[in-house]
Protein chains: 2
Amino acid sequence: MSDKSTRDHIVEAADQLFYHNGFEHTSFSDIADAVKISRGNFYYYFKTKDDILEAVIDVRLAKTRAMLDQWERDGRTPAERIRSFIHILITNRADIKQYGCPVGTLNAELAKLDHGSRPEAAALFMLFRNWLCKQFALLGRKRDADALAMHVLAMSQGVATLANTFQDDRFIQREVQQMDDWLALIADGEVPTSRPARVN
Amino acid sequence: MSDKSTRDHIVEAADQLFYHNGFEHTSFSDIADAVKISRGNFYYYFKTKDDILEAVIDVRLAKTRAMLDQWERDGRTPAERIRSFIHILITNRADIKQYGCPVGTLNAELAKLDHGSRPEAAALFMLFRNWLCKQFALLGRKRDADALAMHVLAMSQGVATLANTFQDDRFIQREVQQMDDWLALIADGEVPTSRPARVN
DNA sequence: GTCTATACTGAGATAGAC
DNA sequence: GTCTATCTCAGTATAGAC
């Protein structure tokens, strides 16, 4: 289809604007301006703002799945793969400082709007949660794998929120270091199952 | 002043609406309706939406200071006081599940809006940060007191974000338990200073 | 498939009567 | 101090020409 390119450009621009400025704060004009098309043309592709949000979430889901698959292939051990997740805080630190975590901030905004696409946005978190859960199970923590996954997710969310508020690079570095150390202990079987993911 | 009551009602209603529905998603009509006054009357008290945001943040700052002072008086030890902070996750879990953390979500939204009141909202976080820092210093962790404070703040932010997304009560309970255990170790001097707040 | 023109709505904000 | 009436503007959305 020859319309694929324009549609993709719209979704791409919307994705970025939603992340940088928030879903509600982004207008059709903002998106149309970014893609350099008219508002009328915009409506040829998306009839409502909710339609484009759905499309953006779909793209994010696909991109996330691809990223997790990549980590799966690249990491030789479960610990190494979990480390890939933890280290996106470093890789994306510039964006995180400015705009927070794209997944966390979208879910927070949609919760306040009581938006119909909340479940789809939560599914974005679920991808990470299930993937991490699988890795912890492979590490021999079958019984508390999900709790450990949620703990790692919570840590990274908290770090993203505070890094965004305080604009602090060193804080990210420090917390990632601690998560790495913690993960090494888990991988060595030094953290008891009875107290999963207890912070030391 | 006899106008104090109406003004206070407006700020109170705005405070709650901003928390529940977000700052941008809350209109003047929403606030006026909640207080049961006309929009025109509303403008007698606040000329712009930014004005009322400022007033709301001021009230939140005052309330937070009062709460911290209360914890200071009630807690016999620094550890007990820090525990007061950690346990607001339990106390406010119903609201947190529905709307997230009032401080974290406000800061995240204002960051996306690139709003002028960002520093004031960040000051809200700073109150907790400095207070926690002081308590950790009293616990004998002078050198890494601020890092520990940030770590506790990050944990609670992450827990609030995920509890909001997944609507999970047991998750909150579990993470608070772990933070309590961790705090006990810190209080007993069992966590080395060289690796501040390393997760175990 | 892309554009212009236009309708409709709700939000922020003001003026002035009571 | 409270209200109604009104203005302006941005945002969503539609119709229809090219």
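Values below: all heavy atoms of this structure, side chains included; hydrogens, waters and symmetry mates excluded. Being a predicted model, the structure only gives us computed values, none of them experimental. Chain letters run A, B, ... following the sequence lines, proteins first and then strands; every chain starts at 1.
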For this session: Could you label the plane-to-plane angle of the W182(A) and H151(A) rings as parallel, tilted or perpendicular, counting under 30° as parallel and over 60° as perpendicular?
Result: tilted

Exercise. What's the CD-P distance between E24(B) and dA10(D), to the nearest Å?
Worked result: 14 Å

Exercise. Between F46(B) (CZ) and dA11(C) (P), how many Å, whole number?
Worked result: 19 Å

Problem set entry | Protein-nucleotide distance (I52(A), atom CD1; dT12(D), atom C1'), rounded to Å | 13 Å

Exercise. If only atom types and distance count, is the side chain of K36(B) paired as donor or acceptor with the main-chain N or O of A32(B) below 3.5 Å?
Worked result: no

Problem set entry | Mutual orientation of the aromatic rings belonging to F42(A) and F28(A) [parallel < 30°, tilted 30-60°, perpendicular > 60°] | tilted

Seminar exercise, completed: Terminal axes of the helix from dG1(C)-dC18(D) to dC18(C)-dG1(D) (5 end pairs apiece), angle rounded to 10 degrees, sit apart by 0°

For this session: Would you kindly give the CD1-to-P distance between I31(B) and dG12(C), to the nearest whole Å?
Result: 8 Å

Exercise. Is any NZ, NE, NH1 or NH2 atom of the basic residue among K112(A) and E24(A) found under 4.0 Å from an Asp or Glu carboxylate oxygen of the other?
Worked result: no

Seminar exercise, completed: Value for CD (E175(A)) from CG (L89(A)), rounded to nearest 0.5 Å, stands at 9.5 Å

Exercise. Would you call the rings of F125(B) and F166(A) parallel, tilted or perpendicular if under 30° counts as parallel and over 60° as perpendicular?
Worked result: tilted

Problem set entry | Length of the line joining F23(A):CZ and dG11(D):P, which is rounded to integer Å | 14 Å

Exercise. In whole angstroms, how far is the C1' atom of dA10(D) from the NE2 atom of H25(A)?
Worked result: 12 Å

For this session: Mind checking S38(A) for me? I need base, sugar-phosphate or nothing, with any heavy atom below 4.0 Å counting as a touch.
Result: base

For this session: Indicate yes or no for a side-chain donor-acceptor contact from E120(B) to the backbone of I57(B) under 3.5 Å, with no hydrogens or angles considered.
Result: no

For this session: Spell out protein contact along nucleotides 13-18 of chain D as letters: B when the base is contacted, S when just the sugar-phosphate is, - when no protein heavy atom is under 4.0 Å; keep the 5' to 3' order.
Result: BB----

Exercise. Between atom NE2 of H87(A) and atom CD of E80(A), what is the distance when rounded to the nearest 0.5 Å?
Worked result: 10.5 Å

Exercise. Hey, does the side chain of R60(A) reach the backbone of D15(A) with a donor-acceptor pair shorter than 3.5 angstrom?
Worked result: yes

Exercise. Is T6(A) near enough to dT2(C) that one of its side-chain N or O atoms lies under 4.0 angstrom from OP1 or OP2?
Worked result: yes

For this session: Let me know the distance between OH of Y45(A) and C1' of dT12(D), rounded to the nearest Å.
Result: 19 Å

Exercise. So, is Y44(B) near the phosphate of dT2(D), with a side-chain N or O under 4.0 Å from OP1 or OP2?
Worked result: no

Problem set entry | Nearest-angstrom distance from the residue atom CZ of F42(A) to P of dT12(D) | 9 Å

